[in-house]
Number of protein chains: 2
Amino acid sequence: MAMKALIKCNSKRYPRQRYEFRARIAKALAHPSRLLMLDALAEGEMCVCELTELVGADQSTVSKHLAVLKQAGIVEDRKDGVMTIYSLKTHCLSGMWKCIETVLKENLKEQQKALGE
Amino acid sequence: MAMKALIKCNSKRYPRQRYEFRARIAKALAHPSRLLMLDALAEGEMCVCELTELVGADQSTVSKHLAVLKQAGIVEDRKDGVMTIYSLKTHCLSGMWKCIETVLKENLKEQQKALGE
DNA sequence: CACCATTATGGTATAATTGCCATATGGCCA
DNA sequence: TGGCCATATGGCAATTATACCATAATGGTG
């Protein structure tokens with residue numbers, strides 16, 4: 001007989017809320033344009049018009065993307081005259097992609113291996 | 001007159017593909033149940049039946065979540081008789097949440113400050 | 001070989017995300 | 001003040017994600 005369910009759902013150990021919080025952040029990161037903007041912002045603050053040109057989408061689209069990032073607490077904004085300047089609220093996120101990229105490279109290697117078979 | 005677009009979209013500096021790759025990973029992380037499973041898997045491999053009980057969703061739902069994680073290259077699976085055992089392909093992801101949680105705490109502090117005003 | 005346990009997959013209804021247009025808002029300057 | 005510039009927001013259509021049910025596929029067991 002197969003071993004079954006040694007671990008039951010333990011809300012103390014795996015509090016549902018924790019993963020909802022995390023998912024909110026991960027969702028905010030789950031779009032190429034937003035990631036592009038974060039990468040650019042890692043080098044310094046930028047106004048919406050610059051980011052719009054960088055991303056190459058409609059200004060309203062970019063504005064909404066920025067709202068998502070702000071809502072998640074990943075960026076913050078300040079007003080400078082008529083412009084809104086966005087900047088990273090934390091720089092620790094940029095480092096995390098080193099790890100992610102490791103996974104990606106690993107995937108690639110396996111794909112190539114699979115193709116070779 | 002406002003300063004405009006000092007930085008133009010530089011595909012060398014900000015290659016579109018990089019952010020699509022990253023978004024694929026971020027999307028795979030963008031669900032509470034998947035994050036819960038990853039946290040559990042960080043402590044050791046588990047079969048689908050255990051994960052199903054842990055998550056508390058339909059078995060088919062969990063199976064599809066696992067497929068997403070596998071597709072993203074975050075987990076891998078092996079067969080053991082009738083069971084499929086899933087395990088983390090890399091452990092470096094767990095560390096990344098320390099950073100994310102920092103952001104979350106920062107958000108919370110600001111919310112509290114805002115409420116106090 | 002029939003049967004049960006474990007997973008995976010197809011179907012489908014519902015919810016969430018995304019993008020662009022149009023438009024509102026608010027600052028700046030002649 | 002009138003007009004322009006930079007942003008944000010509402011609306012809408014199209015795509016994507018998610019969940020559950022039913023069911024197929026596969027391995028172990030009596």
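Given the structure is predicted, the values throughout are model-derived calculations rather than measurements. Every chain is numbered from 1, with letters handed out A, B, ... down the list of sequences.
- Atom CG in B:L54 sits about 16 Å away from atom P in C:dT6, given to the nearest Å.
- Counting only distance, with no hydrogens or angles, the side chain of A:R34 and the backbone of A:A28 share a donor-acceptor pair below 3.5 Å.
- The base of D:dA6 lies outside donor-acceptor range of the side chain of A:Q59, with no N or O pair under 3.5 Å.
- The A:D58 side chain lies nearest to C:dC20 when the options are D:dC20, D:dT18, C:dC20.
- Between A:K27 and B:K64, it is B:K64 whose nearest contact on DNA chain C lies nearer the 5' terminus.
- One hydrophobic cluster, built from ILVMFWY side chains closer than 4.5 Å, cannot hold both B:V68 and B:M37; they sit in different ones.
- D:dT7 atom P lies 11 Å from atom CE of A:M46, rounded to whole Å.
- Straight-line distance from the CE atom of B:M37 to the C1' atom of D:dT18: 13 Å, rounded to whole Å.
- Look at CG on A:D80: it is 8 Å from P on C:dC28, rounded to the nearest Å.
- Residue A:A57 is classed as a sugar-phosphate contact, given heavy-atom separations below 4.0 Å to backbone atoms only.
- Atoms CZ (A:R24) and P (C:dT17) sit 11 Å apart, rounded to a whole Å.
- Comparing D:dT7, D:dC20, C:dT6 against the side chain of B:V82 picks out C:dT6 as the nearest.
- Closest approach to the A:T84 side chain among D:dC20, D:dA8, C:dA8 is made by D:dA8 (side chain taken as heavy atoms from C-beta onward).
- When the C1' atom of C:dA8 is taken as reference, atom NZ of B:K70 falls 10 Å away, rounded to whole Å.
- Considering only side-chain atoms of B:D77, the nucleotide from C:dA8, C:dT7, D:dA6 that sits closest is C:dA8.
- Between B:E43 and A:R13 there is a salt bridge, since at least one side-chain N of the basic residue sits less than 4.0 Å from a carboxylate O of the acidic one.
- Each of D:dT18, D:dT7, C:dC20 was ranked by its minimum atom distance to the side chain of A:M83; first place goes to D:dT7.
- Proximity of A:E45 to A:L88: side-chain heavy atoms (C-beta onward) are nowhere separated by under 4.5 Å.
- In terms of position along DNA chain D, the nucleotide closest to A:S63 lies nearer the 5' end than the nucleotide closest to the other residue of the pair A:S63 and B:H31.
- Taking only side-chain nitrogens and oxygens, A:H65 never comes nearer than 4.0 Å to OP1 or OP2 of C:dT17.
- Atom-to-atom, CD of B:E20 to P of C:dT18 comes out at 14 Å; the value is rounded to the nearest Å.
- Among the nucleotides C:dA8, C:dT18, C:dG19, the one closest to the side chain of B:V48 is C:dA8.
- Looking at heavy-atom distances under 4.0 Å, B:S60 makes contact with a base.
- OP1 or OP2 of C:dT6 has not a single side-chain nitrogen or oxygen of B:Y86 nearer than 4.0 Å.
- Counting only heavy atoms from C-beta on, A:T61 has its side chain closest to C:dC20 among D:dA19, D:dC20, C:dC20.
- Spacing between atom CG of B:L29 and atom C1' of D:dA17 amounts to 15 Å, rounded to whole angstrom units.
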